[in-house]
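Working notes, structure below.
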Amino acid sequence: MTAPAKFALWISCADCGAETEYALDKVESAFYDALRPVSFRCRACGGSSAGDVSRQAPLIDAELLDLWMKDEKLHFDADEDQALAFLDADTLILYACRPEASPQKRRALAFGLVEKLALDAFANPGERLLARSFLTERLKLWAAPEKDDGKARTARRRAALEALYAAH
């Protein structure tokens, strides 16, 4: 049996500038901003004021996605849509269509899909921006509030997916 992977976390001291390194497991590293698993104490001066923070982040896999889907407090990082864009489009769509997907998680997955399509389809930054704007407007269909029956919601999602695939 292999040992669980460890991911480095570096925190610099705001008082003296010394850097302290910590080891995080995959879940702690993936959801660091939400979990804050480390209580900072500078090993050089004993200060407790953290400065810059950086970390190695794991690739998002099925285990992390499942944990994320079950807990509204978890998020991958400040640019969640960009983190999710590293997944394949089919995975993003399948997770967004799961019945247990909350509107917030569904929206994050949809924005991840927008980012994925824009990054994959367009090399030119200007074209990416236009594609991202177009696809984001179409997300209003996908992520509309669930005030109606399931048939209308399904029709909206189907229309949004067709627009996403037509744009790609």
Side-chain angles (χ1 to χ4, degrees), residues 1-9 23-38 53-125 127-168:
M1 185 164 129
T2 60
K6 292 293 179 186
F7 298 87
L9 168 73
L24 303 175
D25 66 29
K26 181 171 81 170
V27 172
E28 291 170 334
S29 182
F31 304 117
Y32 176 78
D33 289 340
L35 298 175
R36 296 288 178 178
V38 171
V53 177
S54 60
R55 66 175 163 48
Q56 294 174 323
L59 293 175
I60 299 171
D61 60 12
E63 175 192 9
L64 293 173
L65 269 175
D66 289 340
L67 289 169
W68 176 75
M69 291 284 287
K70 292 175 186 172
D71 190 340
E72 287 301 314
K73 294 176 186 164
L74 294 180
H75 55 276
F76 289 106
D77 59 28
D79 297 320
E80 193 164 56
D81 56 335
Q82 292 178 2
L84 290 167
F86 286 100
L87 297 168
D88 63 273
D90 292 340
T91 300
L92 291 166
I93 292 168
L94 289 173
Y95 273 84
C97 292
R98 284 186 170 185
E100 70 270 16
S102 70
Q104 294 81 10
K105 299 296 184 178
R106 190 172 292 125
R107 179 178 216 94
L109 289 160
F111 277 106
L113 183 58
V114 164
E115 191 68 25
K116 171 79 174 167
L117 294 175
L119 288 173
D120 286 357
F122 303 100
N124 179 307
E127 290 176 345
R128 270 191 202 146
L129 183 61
L130 288 172
R132 196 176 286 133
S133 297
F134 171 80
L135 293 170
T136 300
E137 284 299 312
R138 297 309 179 273
L139 277 177
K140 291 178 183 172
L141 292 171
W142 177 274
E146 299 186 9
K147 296 179 181 174
D148 53 6
D149 65 25
K151 290 180 184 178
R153 190 169 50 249
T154 300
R156 277 198 319 271
R157 290 183 182 148
R158 185 173 291 121
L161 284 174
E162 288 169 3
L164 288 172
Y165 277 114
H168 186 47

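Every value quoted in this text rests on a predicted model; they were computed, and no experiment measured them. When reading the values below, keep in mind they use all heavy atoms of this one structure, side chains included, and skip hydrogens, waters and symmetry mates.
With sequence neighbours excluded, no residue forms a side chain to side chain donor-acceptor pair (under 3.5 Å) with Asp71.
Here the closest heavy-atom approach between residue His75 and residue Ala34 is recorded as CE1-CB, 3.6 Å. Of all heavy-atom pairs between Asp88 and Thr91, the closest is OD1-OG1, 2.8 Å. Shown here for Pro58 and Ser29, the closest heavy-atom pair between the two residues is CD-OG, 3.4 Å. The two residues Glu72 and Ser102 have their closest heavy-atom pair at OE2-OG, 2.5 Å.
In this structure, CG on Asp66 lies 4.0 Å from OH on Tyr95, to the nearest 0.5 angstrom. Remark: Arg98 CZ to Met69 CE distance equals 5.5 Å, nearest 0.5 Å. Note that CZ of Arg36 and CD of Glu28 are 13.0 Å apart. Values are rounded to the nearest 0.5 Å. Distance check, rounded to the nearest 0.5 Å: NZ of Lys70 to NZ of Lys105 gives 12.5 Å. Once rounded to the nearest 0.5 Å, the distance linking NZ of Lys116 with CG of Asp81 reads 13.5 Å. Here the straight-line distance linking atom CZ of Phe7 with atom CZ of Arg55 works out to 10.5 Å at 0.5 Å rounding.
In this structure the side chain of Phe31 reaches within 4.5 angstrom of the side chain of Leu67, judged on heavy atoms. Residues Asp61 and Lys26 form a side-chain contact, since some pair of their non-hydrogen atoms from C-beta on lies under 4.5 Å apart. Looking at heavy atoms from C-beta onward, Leu64 lies out of side-chain contact with Leu59 at the 4.5 angstrom threshold. Side chains of Leu109 and Trp68 form a contact here, defined as non-hydrogen atoms less than 4.5 Å apart.
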- Could you go step by step and tell me if Glu80 and Ile60 meet the side-chain contact (heavy atoms from CB on, under 4.5 Å) rule? CA-CA 11 Å; Glu80 193 164 56; Ile60 299 171; over 6 Å; no
- Please report the C-alpha distance between Leu24 and Val38 in whole Å, then the side-chain angles of each, then the deciding distance to 0.1 Å, and finally whether the side-chain contact (heavy atoms from CB on, under 4.5 Å) criterion is met. CA-CA 9 Å; Leu24 303 175; Val38 171; 3.8 Å; yes
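Within the 3.5 Å criterion, the main-chain N or O of Gln82 finds no donor-acceptor partner in the side chain of Glu115.
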